[in-house]
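Because only heavy atoms are used, hydrogens play no part in the values below, and waters and symmetry mates are left out as well, while side chains stay in.
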Amino acid sequence: TSPIRVSNTYPANDATDMPLNKQISVEFNDIIDPFSIDGTLELKTGSETVNFTYFNSGNILQIKPSNNFNPSGYYILTVKSRIRDTSGLE
């Protein structure tokens with residue numbers, strides 16, 4: 001089996017004109033170990049940390065900011081440590 005990797009995202013990298021109330025979706029090539037997610041994600045706009053909730057279903061991770069996106073904001077989602085698949089591969 002190959003290591004887990006991101007296979008798709010919404011919005012795409014450097015996307016513009018996206019709806020301000022949408023969630024961020026990250027699709028992986030394998031099913032995510034839900035216990036490997038806590039504390040690994042960081043969402044920022046500039047130097048400001050953005051509060052969010054997340055949930056996963058199979059190989060999809062959904063990130064929902066606590067507030068709508070700012071239309072003039074630039075947001076960066078960072079995975080600070082490794083997310084594993086259900087077989088333990090990072």
Side-chain angles (χ1 to χ4, degrees):
T1 329
S2 61
I4 194 165
R5 62 179 169 72
V6 173
S7 57
N8 197 17
T9 63
Y10 176 84
N13 195 28
D14 292 325
T16 58
D17 297 326
M18 65 175 275
L20 303 178
N21 63 346
K22 286 292 186 180
Q23 300 178 89
I24 298 168
S25 286
V26 182
E27 181 178 353
F28 292 88
N29 65 325
D30 206 344
I31 297 173
I32 303 165
D33 173 1
F35 298 107
S36 70
I37 300 169
D38 280 345
T40 64
L41 305 171
E42 180 178 71
L43 182 61
K44 289 189 142 196
T45 180
S47 61
E48 181 183 334
T49 298
V50 177
N51 293 323
F52 64 91
T53 57
Y54 71 86
F55 62 92
N56 81 290
S57 177
N59 67 327
I60 306 287
L61 180 61
Q62 299 278 345
I63 295 102
K64 180 170 178 37
S66 299
N67 297 304
N68 286 348
F69 291 107
N70 181 329
S72 61
Y74 185 82
Y75 293 82
I76 297 174
L77 176 67
T78 304
V79 180
K80 299 188 299 183
S81 59
R82 296 189 173 153
I83 292 177
R84 294 183 304 274
D85 65 17
T86 53
S87 65
L89 290 175
E90 297 179 336

Can you tell if the side chain of [X] reaches within under 4.5 Å of the side chain of [Y], non-hydrogen atoms only?
{"X": "Leu77", "Y": "Val26", "answer": "yes"}
{"X": "Leu41", "Y": "Leu61", "answer": "yes"}
{"X": "Ile37", "Y": "Ile32", "answer": "yes"}
{"X": "Phe28", "Y": "Asp85", "answer": "no"}

What's the shortest heavy-atom distance between [X] and [Y], and which atoms?
{"X": "Thr45", "Y": "Gly73", "answer": "OG1-CA, 4.1 Å"}
{"X": "Pro65", "Y": "Val50", "answer": "CB-CG1, 4.2 Å"}
{"X": "Pro34", "Y": "Asn56", "answer": "CB-OD1, 3.7 Å"}
{"X": "Ser36", "Y": "Ile83", "answer": "OG-CG2, 3.6 Å"}

query: Given a cutoff of under 4.5 Å between side-chain heavy atoms of I, L, V, M, F, W and Y, with clusters grown through shared members, what are the other residues clustered with Ile76?
result: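 Result for Ile76 is Tyr74.
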
| said: How long is the straight-line distance from CG of Leu43 back to OG1 of Thr78, given to the nearest 0.5 Å? | reply: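 Going from the OG1 atom of Thr78 to the CG atom of Leu43 covers 8.5 Å.
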
Exercise for review: Could I get the full list of salt bridge (charged side-chain N to carboxylate O under 4.0 Å, His left out) partners for Arg5, not counting sequence neighbours?
Suggested key: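 Scan of Arg5 (salt bridge (charged side-chain N to carboxylate O under 4.0 Å, His left out), adjacent residues dropped) gives none.
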
- request: Mind checking ring pair (Phe, Tyr, Trp, His ring centres under 6.0 Å) for Phe69 and listing every partner two or more places apart, or none if nothing turns up?
  value: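 Phe69 satisfies ring pair (Phe, Tyr, Trp, His ring centres under 6.0 Å) with Tyr75 once adjacent residues are dropped.
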
What pairs with [X] under side chain to side chain contact (heavy atoms under 4.5 Å, CB included), at least two apart in sequence or on another chain?
{"X": "Asn21", "value": "Pro19, Asn68"}
{"X": "Pro11", "value": "Ala15, Met18, Ile24"}
{"X": "Glu27", "value": "Ser7, Asn8, Asn59, Ile60"}
{"X": "Ser25", "value": "Tyr10, Gln62"}

Salt bridge (charged side-chain N to carboxylate O under 4.0 Å, His left out) partners of residues 33-61, not counting sequence neighbours, each pair once =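 Matches after skipping sequence neighbours: Asp33-Arg84.
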
For Ser66, the side chain to side chain donor-acceptor pair (under 3.5 Å) test, sequence neighbours excluded, returns none

With sequence neighbours left out, the residues meeting side chain to side chain donor-acceptor pair (under 3.5 Å) with Asn67 are none

Next on the checklist: Quick test of your reading: applying ring pair (Phe, Tyr, Trp, His ring centres under 6.0 Å), list the pairs with at least one residue in residues 32-55, sequence neighbours left out, ordered by first then second residue.
Outcome noted: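 Non-adjacent pairs meeting ring pair (Phe, Tyr, Trp, His ring centres under 6.0 Å): zero.
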
